[in-house]
Amino acid sequence: MSQVRSALTIAGTDPSGGAGIQADLKTFQELKTYGMSVITSVVAQNTTGVRSVEHMPLSMIEDQLDAVIEDMPTHAVKTGMIASKPMMELIVKKLEQVDAPYVMDPVMVATSGDDLIDKEGRNFLRQYLLPLTTVVTPNIPEAEFLTGLSITTEEDMKGAAEYLVHEYGVDAALIKGGHLKGQAIDFLYDGKQMHSYAAERIDTKNTHGTGCTYAAAIAAYLGKDYPLPEAVKQAKAFVTAAITKSFELGKGNGPTNHWAVREVTERKITHES
Ligand SMILES: Nc1ncnc2c1ncn2[C@@H]1O[C@H](COP(=O)(O)OP(=O)(O)OP(=O)(O)O)[C@@H](O)[C@H]1O
Ligand SMILES: Cc1ncc(COP(=O)(O)O)c(N)n1
């Protein structure tokens, strides 16, 4: 029997269970990947927004990382909310000891509009963390910040993906089009080819945690040795199903459904490259 694949998420929490570490672990579990987590910040949030945030002391983040790195195999790493430059510096240092694909979700603002990273952290993320990534997965506002470009069309999205690869040295960039009108289309550029992944837009406000879920699914598939374009295709099917069957829970943007892939077996993703 082949060895079980394990994935590590380094991120903040969501006690309401839709985003952050909770979304990542649910996704790993659903994709039969052994899930591990290092908590950077405890975030008191729900479907309506963020109430307060308690950042973990650096020594505690370091101890958590060492506990995983010194004992467990890691086949993929995903990072989400990393709130400050000192946290990023620590994580960069520790990731040097992990030989695994690295998916960076450059989380900056929650769906609710609340800031999750400070200004200094945002700049550090762009300069120092980006070049280490196997794939970075910004939504449109995040891609605008990272590139300084204005993104209003699909052509702009492709341009931003190319810019991130050529200017910042990321291996690949996936620009997510959830914030554009029309079909839900994402573009992946891996330095050689531009891939597009399109799905029908689902008419729902319940999209809390889609970004986290998508990036965690990409990490899980990369951990199983899927080539990146195929990992993204499978992950897109996973997140689309999760949005299709999302839950009408809470008073704000409800959470996605991490077990939906068991029920939504038709895969309506158009992958072109
Ligand atoms: N209403 C929708 N219907 C179908 N797919 C969607 C919808 N909204 C977002 N998506 C898809 O979900 C994935 C996440 O994209 P999005 O741009 O929303 O990321 P995000 O902004 O990081 O997530 P979040 O909304 O949780 O902050 C992408 O594949 C996007 O195309
Ligand atoms: C701890 C944490 N990390 C990330 C997000 C973004 O999630 P989303 O934009 O998908 O709501 C979040 N709300 N909380």
Side-chain angles (χ1 to χ4, degrees), residues 2-15 17-43 55-84 86-107 116-117 121 124-125 128-138 170-172 174 209-228 231-232 234-235 238-239 258:
S2 62
Q3 192 200 8
V4 65
R5 295 306 171 115
S6 52
L8 169 65
T9 170
I10 304 170
T13 66
D14 174 6
I21 289 271
Q22 283 82 353
D24 297 342
L25 289 176
K26 289 177 186 183
T27 303
F28 293 158
Q29 180 74 10
E30 198 58 42
L31 293 175
K32 294 190 179 158
T33 293
Y34 183 82
M36 305 183 288
S37 60
V38 165
I39 295 174
T40 52
S41 302
V42 175
V43 184
H55 301 304
M56 290 293 105
L58 285 181
S59 60
M60 188 59 205
I61 299 175
E62 183 164 20
D63 273 358
Q64 293 179 78
L65 285 164
D66 287 342
V68 176
I69 291 169
E70 290 170 15
D71 193 41
M72 302 295 280
T74 303
H75 299 99
V77 177
K78 182 231 145 174
T79 60
M81 175 187 179
I82 314 176
S84 68
M87 284 190 197
M88 290 178 197
E89 284 172 326
L90 170 67
I91 289 164
V92 167
K93 197 175 82 190
K94 294 290 170 184
L95 285 186
E96 283 167 7
Q97 300 169 40
V98 180
D99 182 19
Y102 167 30
V103 182
M104 190 224 277
D105 185 11
V107 172
L116 296 171
I117 298 192
F124 190 85
L125 181 142
Y128 298 98
L129 219 50
L130 265 188
L132 304 179
T133 62
T134 306
V135 59
V136 61
T137 64
V170 295
D171 287 351
L174 175 69
T210 50
C212 306
T213 300
Y214 194 16
I218 295 169
Y221 282 111
L222 289 177
K224 292 172 195 261
D225 298 331
Y226 281 59
L228 179 61
V232 172
Q234 296 297 329
F238 184 93
V239 75
H258 294 94

Chemist: Considering the options Thr79, Leu129, Thr40, which one meets the side-chain contact (heavy atoms from CB on, under 4.5 Å) requirement together with Met88?
Modeler: Leu129
Chemist: For the backbone of Met104 and the side chain of Thr133, can you confirm whether one donor and one acceptor N or O come within less than 3.5 Å of each other?
Modeler: no
Chemist: Ignoring hydrogens, what is the shortest heavy-atom contact between Ala219 and Phe28? Give both atom names and the distance.
Modeler: CB-CE2, 4.4 Å
Chemist: Does the side chain of Pro73 come within less than 4.5 Å of Arg5's, by heavy atoms?
Modeler: no
Chemist: Drop me the distance from Lys78's NZ to Ser37's OG, to the nearest 0.5 angstrom.
Modeler: 11.0 Å
Chemist: Minimum heavy-atom separation for Ala100 and Ala76, please, with both atom names.
Modeler: CB-N, 3.8 Å
Chemist: For the residue pair Lys32 and Lys224, establish whether any side-chain heavy-atom pair is separated by less than 4.5 Å.
Modeler: yes
Chemist: In terms of heavy-atom contacts, does CD of Gln29 have more than 12 from other residues, nucleotides or ligands at under 6.0 Å?
Modeler: no
Chemist: Compare every heavy atom of Ile69 with every heavy atom of Gln97, then report the nearest pair and how far apart it is.
Modeler: OE1-CG2, 3.6 Å
Chemist: With rounding to the nearest 0.5 angstrom, report the CD1 to NZ distance, Ile91 to Lys93.
Modeler: 11.5 Å
Chemist: Work out which heavy atom in Ala220 is nearest to a heavy atom in Thr33; give both atom names and the distance.
Modeler: CB-OG1, 3.7 Å
Chemist: CE/Met81 to CG/Asp105 distance, rounded to the nearest 0.5 angstrom?
Modeler: 12.5 Å
Chemist: Do Val77 and Pro101 touch side chain to side chain, with heavy atoms closer than 4.5 Å?
Modeler: no
Chemist: Please answer whether the main-chain N or O of Leu174 pairs with a side-chain N or O of Thr137 as donor and acceptor at a distance below 3.5 Å.
Modeler: no
Chemist: Find out whether Val68 and Thr74 are in side-chain contact, i.e. whether some heavy atom of one side chain is under 4.5 Å from a heavy atom of the other.
Modeler: yes
Chemist: Heavy-atom distance under 4.5 Å between the side chains of Met87 and Leu58, does that happen here?
Modeler: yes
Chemist: Would you confirm whether Glu62, through its side chain, and Leu90, through its main-chain N or O, come within 3.5 Å as a donor-acceptor pair?
Modeler: no
Chemist: On a heavy-atom basis, which atom in Gly209 and which in Ala19 lie closest, and how many Å separate them?
Modeler: CA-CB, 3.8 Å
Chemist: A side-chain contact here means heavy atoms from C-beta on lying under 4.5 Å apart; do Glu89 and Phe124 qualify?
Modeler: yes
Chemist: Would you give the length of the straight line joining atom OH of Tyr221 to atom OG1 of Thr27, rounded to the nearest 0.5 angstrom?
Modeler: 10.5 Å
Chemist: Report the C-alpha separation of Ile10 and Ile39 in whole Å, then their side-chain angles, then the decisive distance to 0.1 Å, and conclude whether the side-chain contact (heavy atoms from CB on, under 4.5 Å) test is met.
Modeler: CA-CA 6 Å; Ile10 304 170; Ile39 295 174; over 6 Å; no
Chemist: Determine, step by step, whether Val103 and Leu222 satisfy the side-chain contact (heavy atoms from CB on, under 4.5 Å) criterion, reporting the C-alpha distance in whole Å, the side-chain angles of both residues, the deciding distance to 0.1 Å, and the verdict.
Modeler: CA-CA 9 Å; Val103 182; Leu222 289 177; 3.8 Å; yes
Chemist: Hey, could you give me the CG/CD distance between Leu25 and Glu30, rounded to the nearest 0.5 Å?
Modeler: 13.0 Å
Chemist: With heavy-atom distances below 4.5 Å as the criterion, would you say the side chains of Leu125 and Ile82 are in contact?
Modeler: no
Chemist: So, taking the atom named OG1 in Thr134 and the one named OH in Tyr102, what distance separates them when rounded to the nearest 0.5 Å?
Modeler: 9.0 Å
Chemist: What's the shortest heavy-atom distance between Tyr34 and Met72, and which atoms?
Modeler: CE2-CE, 3.6 Å
Chemist: Would you check if Asp14 and Ile21 make a side-chain contact, meaning some heavy-atom pair closer than 4.5 Å?
Modeler: no
Chemist: Between the main-chain N or O of Ser41 and the side-chain N or O of His55, is there a donor-acceptor pair closer than 3.5 Å?
Modeler: no
